[in-house]
Amino acid sequence: MDDFVDLGILAMLNVMLEIGEMELEETLKTFFWEKVTVDVNEYLRFSDPTFKRHFRLSTTQFEILCHELVELLSANNEIVRVGRDFRHKALMVTWILATPDTFRSVALRFGVHPGEVHRYYKKIVPAICDLGRRYIFWPDAVERGRISAELQEVSGLQGVVGMLDSKHFVMTSPELEPASFRNRHHDYSINAMVVCDNDLKVRDLYVGEAGSLHDARVFRRSPLCRNILFTENFMSRGEYIIGDSAYMLLDRVITPFHNNGHLTPRQIQFNRVLSGIRVRIEHTFGRVTNIWRRSRNMFVYKMDYMVDHICASFVLHNFRLYHGDEYPLVNVDGDHPDFDDFIPDNVNDDDNLGEDEVGGILDPHGLQEEGEALLRNAQLRGEQRRWNLCNSL
């Protein structure tokens, strides 16, 4: 079949030359991608600071990543032939993740065809997502104790094991039901809900909900919400995560007091301390989008590409932390921009839980009455815990 195609192209070129429409050289440029000669090994010979500036990983981190990816792809029988050095393929994909460059410009930089870059991207990015099982995981009891102790040292609050928030990642209009992905800023986006710890490590990641959904509804639909409500050993006694006012108040999810203009000085101080801790999740989002910059604005309309790319960015964020990068803790003193905890206009609509919603979304077994009772009890315990924490400062 390929021989027939090649013969057909040559025959067409001969006809075009015979009728004098274009010269042979210009004709070949029209039909074929012109490559430039690039020694990709020169990138691998960069000094460590230069390599990290361009590829966002140190040379040691990059070698570790390549080794783990080759192991994973080989175990899944996804490396059929050797061909090009795998490090060269990983360099191309890392460049795409770290810059807003197009596949065309990356192909020109590495001296390959754009289709080749796309083929590597489709293979390696999902493999990086699969590495998330190694690098994104909920901390065990010992590690939660360490996180809680370090956060208590800088804030005075006891029992905090994580910070919760969501972020919209902008994309082009998706293929199916694009109106569902329009957020309140009139952009198309998907929602990523993240829990981070005191070291800015991502501890829980939930990606893929439409941008039109409120953060509170995304939380109620997430596995994290089910674990908080139904898994007893998910957190130890007295442990909780903190979020902003958009989320429901539970015994394991503490939110600030709504600033209605009548807060007491103690409540204001509590909100300030909570904001000083919660700012770490904003720093986590900032690190991810500033280092893996393509995630800032994704020109894709396929949801699987979008979700895999965002997941890979968060996995690589944790990968850097677990292999040597350190981010300093932030002092909780002083005011923060989110101190007043702005409440979106539609927060009340999402906070009113219907019976069907509680039974169908929160309760994995469909036990509507038991699920609703469990939720209400958790909310009551959350009110009491918030007041206890407020009075302890």
Side-chain angles (χ1 to χ4, degrees), residues 55-57 62 65-66 68-80 86 89-103 106-107 114-137 166-178 180-181 183 187-195 201-211 213 218 221-224 284-285 287-320 322:
F55 296 97
R56 306 305 189 186
L57 299 170
F62 180 74
L65 178 64
C66 289
E68 293 188 1
L69 288 174
V70 169
E71 272 190 348
L72 181 63
L73 292 172
S74 299
N76 296 336
N77 296 321
E78 295 186 25
I79 296 184
V80 180
F86 184 83
K89 303 175 185 179
L91 283 175
M92 299 178 205
V93 175
T94 306
W95 188 279
I96 290 174
L97 290 164
T99 68
D101 290 2
T102 62
F103 284 88
V106 175
E116 190 175 351
V117 178
H118 184 253
R119 186 167 65 251
Y120 300 151
Y121 177 86
K122 288 199 303 180
K123 186 77 68 173
I124 293 178
V125 168
I128 295 176
C129 293
D130 290 341
L131 290 179
R133 300 171 185 175
R134 304 181 187 179
Y135 293 103
I136 299 179
F137 53 87
S166 296
K167 180 175 178 59
H168 290 272
F169 287 89
V170 179
M171 62 184 296
T172 52
S173 177
E175 291 179 308
L176 302 175
E177 301 182 5
S180 300
F181 292 85
N183 59 35
D187 295 321
Y188 296 101
S189 67
I190 65 171
N191 197 304
M193 191 187 73
V194 176
V195 175
K201 293 187 180 77
V202 175
R203 293 302 190 166
D204 188 87
L205 177 64
Y206 180 57
V207 183
E209 293 288 0
L213 294 184
V218 173
R221 292 167 60 92
S222 68
L224 175 67
T284 301
F285 288 141
R287 288 283 179 173
V288 171
T289 56
N290 283 324
I291 293 176
W292 308 106
R293 295 190 177 182
R294 193 178 184 88
S295 61
R296 287 182 175 182
N297 199 331
M298 294 283 294
F299 294 98
V300 298
Y301 57 89
K302 291 183 178 294
M303 283 300 301
D304 53 346
Y305 281 20
M306 183 70 181
V307 172
D308 283 350
H309 190 104
I310 300 304
C311 288
S313 299
F314 280 105
V315 171
L316 289 175
H317 166 80
N318 270 20
F319 178 87
R320 284 166 50 102
Y322 281 109

Spacing of [atom1] belonging to [X] relative to [atom2] belonging to [Y], to within rounding of 0.5 Å:
X	Y	atom1	atom2	result
Ile310	Arg294	CD1	CZ	10.5 Å
Met171	Tyr305	CE	OH	12.5 Å
Met298	His309	CE	NE2	4.0 Å
Arg134	Leu72	CZ	CG	6.5 Å
Asp308	Ile124	CG	CD1	13.0 Å
Arg119	Phe103	CZ	CZ	12.5 Å

Donor-acceptor contact below 3.5 Å, side chain [X] vs main chain [Y]:
X	Y	value
Arg296	Thr289	yes
Arg56	Arg293	no
Asn191	Glu209	no

Please name the pair of heavy atoms, one in [X] and one in [Y], separated by the smallest distance, quoted to 0.1 Å.
X	Y	answer
Tyr188	Pro178	CE2-O, 3.2 Å
Met306	Phe169	CE-O, 3.3 Å
Ala192	Phe314	CB-CE1, 4.4 Å
Ala312	Val125	CB-CG1, 4.0 Å
Ser222	Met193	OG-CE, 3.4 Å
Trp292	Ser313	CD1-O, 3.6 Å

Practice item. Using side chain to side chain contact (heavy atoms under 4.5 Å, CB included) as the criterion, list what pairs up with Thr99, not counting sequence neighbours. Key: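 For Thr99, the residues satisfying side chain to side chain contact (heavy atoms under 4.5 Å, CB included) (neighbours in sequence not counted) are Trp95, Asp101.
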Review point. Hey, mind stepping through Lys201 and Tyr322 against side-chain contact (heavy atoms from CB on, under 4.5 Å) and telling me if it holds?
Key: CA-CA 9 Å; Lys201 293 187 180 77; Tyr322 281 109; 3.4 Å; yes
Taking the side chain as everything from C-beta on, heavy atoms only, tell me whether [X] gets closer than 4.5 Å to [Y].
X	Y	answer
Leu224	Tyr206	no
Leu65	Leu131	yes
Pro100	Asn297	no
Ile96	Tyr121	yes
Ile128	Leu97	yes
Phe181	Ile190	yes

Exercise for review: Applying side-chain contact (heavy atoms from CB on, under 4.5 Å), run through Ile291 and Arg320 and close with a yes or a no.
Suggested key: CA-CA 11 Å; Ile291 293 176; Arg320 284 166 50 102; 3.5 Å; yes
Review point. Residues in side-chain hydrogen bond (donor to acceptor under 3.5 Å, both in side chains) with Ser189, at least two apart?
Key: His168, Asn183
Check your understanding: Can you name the side-chain hydrogen bond (donor to acceptor under 3.5 Å, both in side chains) partners of Tyr135, sequence neighbours left out?
Key ->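 side-chain hydrogen bond (donor to acceptor under 3.5 Å, both in side chains) check on Tyr135 returns Glu68, His323.
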Exercise for review: Start with the C-alpha gap between Leu316 and Thr94, add the side-chain angles, then the distance that decides, and say whether side-chain contact (heavy atoms from CB on, under 4.5 Å) holds.
Suggested key: CA-CA 10 Å; Leu316 289 175; Thr94 306; 5.8 Å; no
Review point. Any chance CD of Glu177 has more than 12 other-residue heavy atoms, nucleotides or ligands included, within less than 6.0 Å?
Key: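 Not more than 12 within 6.0 Å, no.
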Review point. Does OH in Tyr301 sit with more than 12 non-hydrogen atoms of other residues, nucleotides or ligands closer than 6.0 Å?
Key: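 No, not enclosed.
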Practice item. For the pair Leu91 and Phe62, evaluate side-chain contact (heavy atoms from CB on, under 4.5 Å) and give the outcome as yes or no after the intermediate values. Key: CA-CA 9 Å; Leu91 283 175; Phe62 180 74; 3.6 Å; yes
